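Because the structure is predicted, anything quoted here is derived from the model rather than measured.
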Amino acid sequence: MSLDGKVALVTGASRGIGAAIARELSRRGAYVAINYNSSREGAETLKRELGSRAEIFKADVSKREEVRRMVEEVARTFGGIDIAVNNAGVMELMPFEQYDEYKFDRMWAINVKGPIYVTLESLPYLKKSKGSVVNIASIAGLGTALLNTTFYAITKAAVIALTKRLAYDLAPYGIRVNAVAPSWIETDLTTRGRSREEVERAKADIINRTALRSLATPEDIARAVAFLASEEARMITGQLLVVDGGRIDYLTHAV
Ligand code: NAP
């Protein structure tokens with residue numbers, strides 16, 4: 001599964017799952033473009049860790065002009081783009097009856113428009129390299145029973161539909177498009193605003209609902225992404241790879 005000499009753009013790689021993906025792709029020999037929006041320090045620390053084959057690029061993925069500039073800069077720096085990983089994302093929890101238009105629009109712009117913009121702007125380079133796109137969806141997009149995730153789930157369902165449709169749209173260029181759906185993973189996204197006790201309770205609850213009785217880690221997601229981006233997956237497109245240890249809450253509706 002070597003990615004030797006490939007150029008990978010990973011959005012939202014300043015921390016969490018994105019940082020783990022950047023590390024894994026780099027470990028497999030890829031040049032990595034570390035995208036960040038506000039966590040410059042995290043991005044710089046990762047760049048130092050990965051060395052001269054990685055560079056940092058600031059862009060808000062929900063703004064097309066910023067994405068265009070970033071993609072051009074990445075291609076100029078590394079001579080093209082082979083792999084685009086759409087990982088940047090946010091989760092705003094809210095009960096259905098407390099619908100907040102501002103929060104929903106922001107999630108939609110980052111989680112859905114972000115992957116659209118990054119893929120659109122990377123297309124000239126992906127066409128040249130016959131590259132691949134990997135989107136980070138979520139099991140939420142399949143309709144899990146997690147509280148207050150209705151609107152987040154809608155954005156991730158859209159990412160899954162986008163992946164399947166893009167696989168057809170881009171197949172004529174030899175570009176593959178796949179997605180990975182992580183389960184609950186301990187990152188800022190899932191721990192922000194929660195006490196240690198609440199996080200431990202959430203973890204125990206998830207483990208209870210998981211057939212393998214274990215939690216997925218950012219590294220588990222990173223290995224799935226590396227596989228889908230590699231030549232090993234050359235006949236795989238339009239697929240959603242669920243990395244969740246067998247979540248029984250949506251497999252059987254048992255809690
Ligand atoms: P995280 O720790 O909160 O990290 C989010 C990343 O997204 C950060 O690097 C952040 O960069 C970046 N980001 C946010 N808004 C951005 C924007 N407008 N433009 C560019 N980058 C932006 O979250 P995570 O848990 O690693 O999540 C990564 C992805 O996995 C997301 O798509 C999330 O929905 C998905 N996911 C997570 C879980 C989970 O349980 N953690 C489960 C399923 C799916 P800055 O800090 O630099 O702004």
Q: Would you please test R234 and E231 for salt bridge (Lys or Arg N to Asp or Glu O under 4.0 Å) and show each step?
A: CA-CA 5 Å; R234 67 169 207 95; E231 264 302 297; 5.2 Å; no
Q: Using modelled atom types only, decide if a donor and an acceptor are shared between the side chain of N37 and the backbone of K58 within a distance under 3.5 Å.
A: no
Q: For the residue pair V134 and N86, establish whether any side-chain heavy-atom pair is separated by less than 4.5 Å.
A: no
Show every donor-acceptor pair shorter than 3.5 Å between a side-chain atom in residues 93-110 and any protein atom, with sequence neighbours excluded, or say none if there are none.
from: D100; atom 1: OD1; to: Y102; atom 2: N; distance (Å): 3.0
from: D100; atom 1: OD1; to: K103; atom 2: N; distance (Å): 3.0
from: R106; atom 1: NH1; to: E92; atom 2: OE2; distance (Å): 3.0

Q: Might you point out which heavy atoms bring A13 and I34 nearest each other, and give the distance in Å?
A: CB-CG2, 3.7 Å
**Q.** Test item: R53 side-chain N/O and S26 main-chain N/O as donor-acceptor pair under 3.5 Å
**A.** no
Q: For S39 and G42, indicate whether the former's side chain and the latter's backbone hold a donor-acceptor pair under 3.5 Å.
A: no
Q: Hey, could you give me the CD1/CZ distance between I21 and R23, rounded to the nearest 0.5 Å?
A: 11.0 Å
Q.
Applying side chain to side chain contact (heavy atoms under 4.5 Å, CB included) to V85 and T11, what does each step give before you reach the verdict?
A. CA-CA 6 Å; V85 182; T11 67; over 6 Å; no
(Q) Tell me the closest heavy-atom pair linking A224 and V243, and the distance in Å. (A) CB-CG2, 3.9 Å
Q.
Surrounding CZ of R196 (heavy atoms of other residues, nucleotides or ligands, distance under 6.0 Å), is the total greater than 12?
A. yes
Q. What's the shortest heavy-atom distance between A22 and L50, and which atoms?
A. O-CD1, 4.0 Å
Q.
To the closest 0.5 Å, what do you measure between CD1 (I175) and OG (S132)?
A. 9.0 Å
(Q) Is there a path of hydrophobic side-chain contacts, each under 4.5 Å between heavy atoms, that joins L228 and I136? (A) yes
**Q.** From V225, I221, T217, V10, residue fulfilling side chain to side chain contact (heavy atoms under 4.5 Å, CB included) relative to I17
**A.** I221
Q: For R223 and E24, run salt bridge (Lys or Arg N to Asp or Glu O under 4.0 Å): C-alpha distance rounded to whole Å, both residues' side-chain angles, the deciding distance at 0.1 Å, then the answer.
A: CA-CA 7 Å; R223 284 187 289 273; E24 184 62 25; 5.2 Å; no
Q: Might you point out which heavy atoms bring S138 and A181 nearest each other, and give the distance in Å?
A: C-CB, 3.7 Å
Q | Least distance between heavy atoms, Y173 atom then K130 atom | A | O-CG, 3.7 Å
Q) In the single-linkage hydrophobic clustering (I, L, V, M, F, W, Y; side-chain heavy atoms under 4.5 Å), do L170 and V71 co-cluster? A) yes
Q: Keeping the roles fixed (side chain from E66, backbone from K63), state whether a donor-acceptor pair exists under 3.5 Å.
A: no
Q) Backbone N or O of E232 within a donor-acceptor pair of the S230 side chain at under 3.5 Å? A) yes
Q.
Keeping N35 on the side-chain end and G12 on the backbone end, is there a donor-acceptor pair under 3.5 Å?
A. yes
Q) Taking atom OG of S62 and atom NZ of K113, what is their separation to the nearest 0.5 Å? A) 8.5 Å
Q | Between CE on residue M91 and OG1 on residue T149, distance to nearest 0.5 Å | A | 8.0 Å
Q) Taking only residues at least two apart or on different chains, which pairs with a member in residues 151-171 satisfy salt bridge (charged side-chain N to carboxylate O under 4.0 Å, His left out)? A) R165-D169
Q.
Would V7 and I83 count as a side chain to side chain contact (heavy atoms under 4.5 Å, CB included) here? Give the steps.
A. CA-CA 6 Å; V7 177; I83 299 161; over 6 Å; no
Q.
Pairing donors with acceptors under 3.5 angstrom, does anything connect the side chains of T163 and N135?
A. yes
**Q.** Derivation of the side chain to side chain contact (heavy atoms under 4.5 Å, CB included) call for L162 and I116
**A.** CA-CA 8 Å; L162 178 70; I116 292 173; 3.9 Å; yes
Q.
Testing the 3.5 Å rule here: is there a donor-acceptor pair between the side chains of R28 and S2?
A. no
Q: Check the pair R64 / E121 against salt bridge (Lys or Arg N to Asp or Glu O under 4.0 Å), numbers first and verdict last.
A: CA-CA 8 Å; R64 185 155 182 190; E121 297 301 338; 2.7 Å; yes
Q) Using 4.0 Å as the upper bound for N to carboxylate O, is an ion pair formed by E73 and R69? A) no
Q. Should M70 and Y31 be counted in the same cluster of Ile, Leu, Val, Met, Phe, Trp and Tyr side chains packed under 4.5 Å apart?
A. yes
Q) Ion pair present between D205 and R209, side-chain N to carboxylate O less than 4.0 angstrom? A) yes
**Q.** Ionic contact status for K47 with E44, cut-off 4.0 Å
**A.** no
Q. Atom CG in L9, atom OH in Y125: separation rounded to 0.5 Å?
A. 11.5 Å
Q.
Between Y250 and D244, do the side chains contain a donor N or O and an acceptor N or O under 3.5 Å apart?
A. yes
Q: Starting from the C-alpha separation in whole Å, work towards a yes-or-no answer on side chain to side chain contact (heavy atoms under 4.5 Å, CB included) for D82 and L3.
A: CA-CA 10 Å; D82 301 279; L3 298 174; over 6 Å; no
Q: Mind listing the closest non-hydrogen atom pair of S122 and I81 along with its distance?
A: OG-CD1, 4.2 Å
Q | Nearest-0.5 Å distance that lies between atom CZ in R40 and atom OG in S14 | A | 11.5 Å
Q: Give a yes-or-no answer on whether the side chains of N111 and T155 include a donor-acceptor pair shorter than 3.5 Å.
A: yes
**Q.** Members besides L146 in its Ile/Leu/Val/Met/Phe/Trp/Tyr cluster (side-chain heavy atoms under 4.5 Å)
**A.** W184, V199, I206, I207, L215
Q. Any salt bridge between R68 and E65, counting N to O under 4.0 Å?
A. yes
Q.
So if I apply the side chain to side chain contact (heavy atoms under 4.5 Å, CB included) rule between V133 and each of V118, L166, L126, which one comes out positive?
A. L126
Q.
With a sphere of 6.0 Å drawn around CD of E49, does it hold more than 12 non-hydrogen atoms of other residues, nucleotides or ligands?
A. yes
Q.
Checking the side chain of R176 only, and the main-chain atoms of A233 only, is there a donor and an acceptor separated by less than 3.5 Å?
A. yes
